[in-house]
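Structure first, then comments.
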Amino acid sequence: MSERILVVLLLVLNYLLVAEGGTADEDLSTLLSLKDTWKNTPPNWVGSDPCDDWDGIKCKNSRITSITLASTGLAGGLSGDIGSLSELETLDLSYNKDLTGPLPQSIGELKKLTTLILVGCKFTGPIPGSIGKLQALLYLSLNSNSFSGAIPHSIGNLSKLHWLDLAENQLEGNIPVSSGDISGLDKLHHAKHFHLGKNNLSGSIPPQLFSSEMELIHLLLESNQLTGDIPPTLGLVQSLEVVRLDTNSLRGSVPPNINNLTNVQDLYLSNNKLTGSLPNLTGMNALSYLDMSNNSLEPLDFPGWFSTLNSLTTLKMENTQLQGQVPSSLFGLVNLQTVVLKDNKINGSLDFGSSYSNRLQLVDLETNSIDSFKQNDIVPNFKIILKDNPICQESDKIQTSSYCFPSQPNVSYSTPPNNCQPGACSSEQIPSPNCICSYPYTGILAFRSPSFSDLENKTHYLMLEEFLMRSFKSHFVSVDSVSLSNPTKDSTQYLKLNLQVFPSGQDHFNRTGISSTGFLLSNQTFKPPKDFGPFYFLADKYDHFGNSGFSVSSKSSNIGIIIGAAVGGSVLLLLLLLAGLYAFRQKKRAEKAIGQSNPFRRWDTVESNSEVPQLKEARLFSFEELKKYTKNFSQLNDIGSGGFGKVYKGSLPNGKLIAIKRAKKESMQGKLEFKAEIELLSRVHHKNLVSIVGFCFDQGEQMLVYEYVPNGTLKDALSGKSGIRLDWIRRVKVALGTARGLAYLHELVNPPIIHRDIKSNNILLDDRLNAKVADFGLSKSILDCEKDHVTTQVKGTMGYLDPEYYMSQQLTEKSDVYSFGVLMLELISARGPLERGRYIVKEVKKAVDKTKELYGLNEIIDPTITISLGSTLSGFEEFMDMSMRCVEEEGGNRPKMSDVVRELENILKSAGVNPSEESVSPSISSSYEDVSRGSSTHPYNSNDTFDFSAGLPYPKLDPQ
Ligand SMILES: *[C@@H]1O[C@H](CO)[C@@H](O)[C@H](O)[C@H]1NC(C)=O
Ligand SMILES: *[C@@H]1O[C@H](CO)[C@@H](O)[C@H](O)[C@H]1NC(C)=O
Ligand SMILES: *[C@@H]1O[C@H](CO)[C@@H](O)[C@H](O)[C@H]1NC(C)=O
Ligand SMILES: *[C@@H]1O[C@H](CO)[C@@H](O)[C@H](O)[C@H]1NC(C)=O
């Protein structure tokens with residue numbers, strides 16, 4: 001005990017000594033006054049020596065030299081007192097979204113400041129002119145705030161400045177350049193980065209801004225309101241690597257001497273009003289990414305010199321009056337990944353030549369005049385879009401040729417587990433790639449101009465992960481692993497990735513860990529691989545610094561114990577009691593908070609709550625329950641998988657079998673979407689629809705629990721895979737069941753529901769071979785559609801897709817009717833709608849001869865139904881007539897589903913079968929269980945469904 005008292009005495013002595021230095025004292029009072037204006041300062045900011053390990057503070061010789069408090073939830077303003085920290089070199093308050101108000105004039109007093117980083121806060125008002133007095137400043141990042149007003153001329157005085165990032169604010173006025181005694185950005189000869197994009201800057205780009213003395217490598221002026229010509233002086237800045245002038249109102253022609261910029265990798269001039277002809281850019285031999293889209297260039301024959309740009313990965317020339325033929329030599333460029341030439345007048349034949357780039361991912365020639373396509377006997381494994389070209393005018397081409405489908409490659413990536421099996425984590429913890437549960441530091445890593453565009457290529461992400469880990473290691477930031485996911489390109493072509501950084505050794509980061517990790521990313525200590533280009537990081541607030549409020553520093557706990565020992569056991573007891581009480585209250589509060597953030601909170605008590613009647617049949621399952629019912633999601637119970645994740649079979653304690661669709665991380669919906677889907681599913685009850693039993697929204701999982709339908713899909717039954725033999729009458733009954741399910745969705749549910757993905761894979765057969773319609777994943781309620789009926793995304797499956805819907809993007813019930821008609825033809829032929837390049841609708845229409853027996857379709861009819869019955873298929877002609885009506889080109893000529901139901905009932909009646917009678921149990925050669933486990937496609941799969949979202953009128957200038 002005496003040792004402890006000694007420690008305390010020494011500490012007290014230490015405080016006294018430190019307080020002696022006058023200026024250190026001033027630092028303390030400044031910091032305390034800042035602390036008064038801030039909320040959520042670190043809990044260990046107590047005592048009188050900030051240099052004694054206060055989180056986020058660093059000192060030299062008892063003077064404060066660095067304040068780094070990224071992502072700590074700091075709230076309030078930045079008071080003018082900051083100017084008194086006269087030794088301050090580094091100020092980083094990034095990622096505190098509640099830091100607001102203006103940047104004080106007195107910031108200019110910080111004569112030693114080298115680094116000022118306020119990324120992703122909410123600062124407002126003008127950038128003070130006094131910033132020009134920060135003579136030592138190397139690094140200035142004020143991006144992603146709400147600064148307004150003009151860029152101060154005085155920034156031009158920062159002669160050492162290396163990095164200038166003012167992007168994503170509301171700055172306006174001209175780009176300042178010097179005149180007479182007034183300085184401007186042209187004086188920043190050591191600056192390597194001008195990041196001024198996404199502001200409201202106006203006026204022309206001053207020719208004076210550029211000179212051969214500059215060392216600029218990244219010039220980012222995109223998404224402003226700049227006018228006038230591109231100054232030819234740009235060609236003088238030989239060091240440039242990335243030039244983004246896109247999405248402005250620049251006029252005139254492209255100056256030919258930018259051909260002199262031999263280091264430029266990325267050139268974006270798109271979305272301007274450029275005129276004239278495109279100069280010969282063969283000199284730009286580093287050029288990887290060229291985007292000239294949406295300008296008013298003169299009509300131009302496709303330039304042959306594009307094929308000489310050996311580094312080219314991406315060529316975008318949308319809506320630029322290009323004409324003539326694309327030479328096949330273009331596709332021979334070895335790095336080529338993306339070619340977008342939409343809305344031009346390109347004609348003739350499309351030919352990829354004999355050796356095209358194996359990195360090609362997308363060739364988009366939508367809305368041109370291409371009339372033929374030379375396939376050279378190879379089926380390319382990249383996406384080709386020829387929608388709205390003469391070649392895609394026939395409706396059967398739409399069905400048979402994937403290039404007539406306007407879908408974009410579906411990019412998904414998520415760092416995979418590192419040779420381990422991620423288990424379930426508690427509460428908000430997340431398993432790291434090393435399968436350790438913890439609270440990661442999260443945010444968005446955004447790359448403003450990557451020079452690649454093959455976002456499906458995992459190599460890029462693996463490299464980035466590697467670089468991140470290396471950077472953390474070499475700067476002694478203790479990190480277990482990093483995870484990247486969900487790469488997307490936003491409307492300004494920034495590549496954005498979700499980043500999670502996992503702590504090492506414990507399940508959370510302490511404040512030091514967050515501030516050093518945040519700083520590493522905010523001040524660009526981390527350097528990504530070169531082809532990623534300039535980046536920024538926008539972190540989320542970090543909320544898991546251990547048991548907040550209860551992390552008393554070691555000093556005060558020592559004192560507590562000493563006081564306790566000195567004053568007596570009773571006080572200690574009291575302290576413990578208080579602590580217990582406090583912890584109890586915190587727990588209650590936490591429970592309450594969790595309850596409030598759970599959108600399904602009320603559903604839990606559905607039995608006693610009459611407010612949510614539409615959910616009375618959907619039960620909320622906990623993760624633990626489903627884990628038990630599926631024997632810990634064991635391999636044996638894994639009965640299928642698809643794009644969305646996996647399907648497990650399970651059994652409830654009462655013996656009822658269930659099928660659980662477990663979404664994988666990337667395919668999870670937002671809470672509200674998920675809730676909407678469950679609401680939709682639990683609104684429908686019909687014996688010909690697969691019913692939902694419940695759902696799970698727990699521990700970061702999204703699962704839907706359905707009744708288990710034992711006999712698999714109609715598709716498997718028709719193909720013979722499941723050992724079920726469907727005779728003619730059974731097929732008519734399956735059609736009838738499906739039709740009844742659909743008629744119910746269209747005509748009895750209010751508002752009606754359109755299924756959007758009727759196909760044999762989505763029709764399940766129960767133990768009596770009754771049809772049950774499954775997979776409402778794409779369903780849309782009519783109400784939703786009416787709101788945005790023009791922009792409804794075209795979704796569905798090739799071969800079943802209604803051509804009218806495809807053309808008009810207007811979704812009606814009649815689209816389901818078309819798909820149903822295709823399904824009827826499938827029932828007759830036992831063939832997929834698209835097999836060996838043949839489209840069943842076209843084949844049947846061609847072959848039908850009503851004068852002949854079985855309409856002359858002997859070649860097409862599945863032999864298994866004629867084998868026993870010969871040509872006496874009762875009601876075959878009526879069935880065929882109905883299917884032909886369903887696949888009419890125009891929706892208006894197709895019947896309603898209730899008409900179909902009536903007709904199918906009549907067919908059964910004439911055949912002497914009571915249509916309302918349940919089917920009898922079939923005799924099946926093998927056990928159902930083995931069959932459904934062994935089959936490769938599962939009822940709940942929707943693997944081959946795809947998304948035609950790119951078919952929409954493409955917004956050219958997306959508001960950000
Ligand atoms: C382009 O660069 C060459 C040298 O590489 C130089 O001689 C020429 O003057 C430059 N042209 C322009 C217009 O700057
Ligand atoms: C483009 O310029 C290169 C050399 O600068 C020249 O060889 C080539 O012929 C030019 N191409 C066109 C189409 O003008
Ligand atoms: C993926 O990217 C890497 C790095 O850029 C490249 O070397 C590789 O060829 C690419 N792979 C494919 C399949 O395109
Ligand atoms: C914070 O965490 C790091 C690494 O996990 C550790 O080395 C350091 O001692 C911790 N700091 C405090 C004040 O707990």
Side-chain angles (χ1 to χ4, degrees), residues 42-46 52-58 72 256-262 265 277-285 287-289 300-314 324 327 329-330 333-338 356-362 380-383 409 411 413 436 438-441 450-467 472-473 475-480 487 495 501-518 528-533 542 544-547 551-555 557:
N44 79 348
W45 280 22
V46 289
D52 182 31
D53 269 344
W54 282 21
D55 286 326
I57 305 288
K58 286 203 184 94
T72 51
N257 72 340
I258 65 171
N259 194 26
N260 261 17
L261 296 175
T262 50
Q265 291 173 7
S277 62
L278 185 65
N280 183 344
L281 299 178
T282 23
M284 302 183 73
N285 44 33
L287 199 60
S288 296
Y289 198 114
L300 175 70
D301 279 333
F302 196 92
W305 56 259
F306 279 154
S307 311
T308 67
L309 298 172
N310 286 319
S311 307
L312 205 64
T313 67
T314 310
S329 56
L330 179 73
L333 291 171
V334 289
N335 292 306
L336 199 66
Q337 295 152 26
T338 305
Y356 51 82
S357 158
N358 62 8
R359 295 187 64 176
L360 259 178
Q361 209 174 55
L362 172 69
N381 56 355
F382 52 91
K383 187 83 207 164
V411 177
Y413 176 80
I436 299 167
S438 62
Y439 299 102
Y441 182 34
S451 56
F452 57 88
S453 52
D454 54 346
L455 302 191
E456 275 179 279
N457 184 343
K458 294 188 168 46
T459 313
H460 300 300
Y461 310 116
L462 295 173
M463 295 260 285
L464 186 56
E465 285 158 18
E466 165 99 27
F467 273 56
F472 288 126
K473 284 220 178 83
H475 293 90
F476 306 103
V477 178
S478 167
V479 160
D480 167 76
L495 168 61
V501 182
F502 292 89
S504 168
Q506 46 188 357
D507 69 355
H508 62 273
F509 283 104
N510 57 28
R511 281 167 195 273
T512 323
I514 288 297
S515 99
S516 39
T517 311
K530 190 155 195 256
D531 52 357
F532 278 81
Y542 193 72
H544 305 283
F545 299 115
N547 299 341
S551 59
V552 269
S553 73
S554 57
K555 267 178 274 172
S557 65

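Counting convention: from 1, in listed order, for ligands and their atoms alike. Numbers for residues simply follow the sequence, beginning at 1.
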Inset, instruction - Would you confirm whether Y542, through its side chain, and S515, through its main-chain N or O, come within 3.5 Å as a donor-acceptor pair? - result: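 Between the backbone of S515 and the side chain of Y542 there is no qualifying donor-acceptor contact (under 3.5 Å).
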Legend entry - Any donor-acceptor pair under 3.5 Å from S504 side chain to D480 backbone: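 No, S504 side chain to D480 backbone: no donor-acceptor pair under 3.5 Å.
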Legend entry - Polar contact flag, side-chain donor to acceptor under 3.5 angstrom, D454-H460: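 Short answer, yes.
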Inset, instruction - Between H460 and ligand 3, find which residue part has any heavy-atom pair under 4.0 Å and reply side chain, backbone, both or neither. - result: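 The answer is the side chain of H460.
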Which residue owns the protein heavy atom closest to [atom], what's the atom, and how far is it?
| atom | result |
| --- | --- |
| atom 14 (O) of ligand 3 | R359 CG, 3.2 Å |
| atom 4 (C) of ligand 3 | T459 CG2, 4.0 Å |
| atom 8 (C) of ligand 4 | N510 ND2, 3.7 Å |
| atom 3 (C) of ligand 2 | T282 OG1, 3.4 Å |
| atom 11 (N) of ligand 2 | N280 ND2, 2.8 Å |
| atom 13 (C) of ligand 2 | W305 CD1, 3.9 Å |
| atom 5 (O) of ligand 4 | Q506 NE2, 3.5 Å |

Inset, instruction - Ignoring angles and geometry beyond distance, decide whether N457 reaches within less than 3.5 Å of ligand 3 through its nitrogen or oxygen atoms. - result: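 Such a contact does occur with ligand 3.
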Looking at [atom1] of [X] and [atom2] of [Y], how far apart are the two atoms once the value is rounded to the nearest 0.5 Å?
| X | Y | atom1 | atom2 | value |
| --- | --- | --- | --- | --- |
| N44 | N510 | CG | CG | 10.0 Å |
| F509 | S478 | CZ | OG | 7.5 Å |
| Q337 | N358 | CD | CG | 10.0 Å |
| T314 | F452 | OG1 | CZ | 9.5 Å |

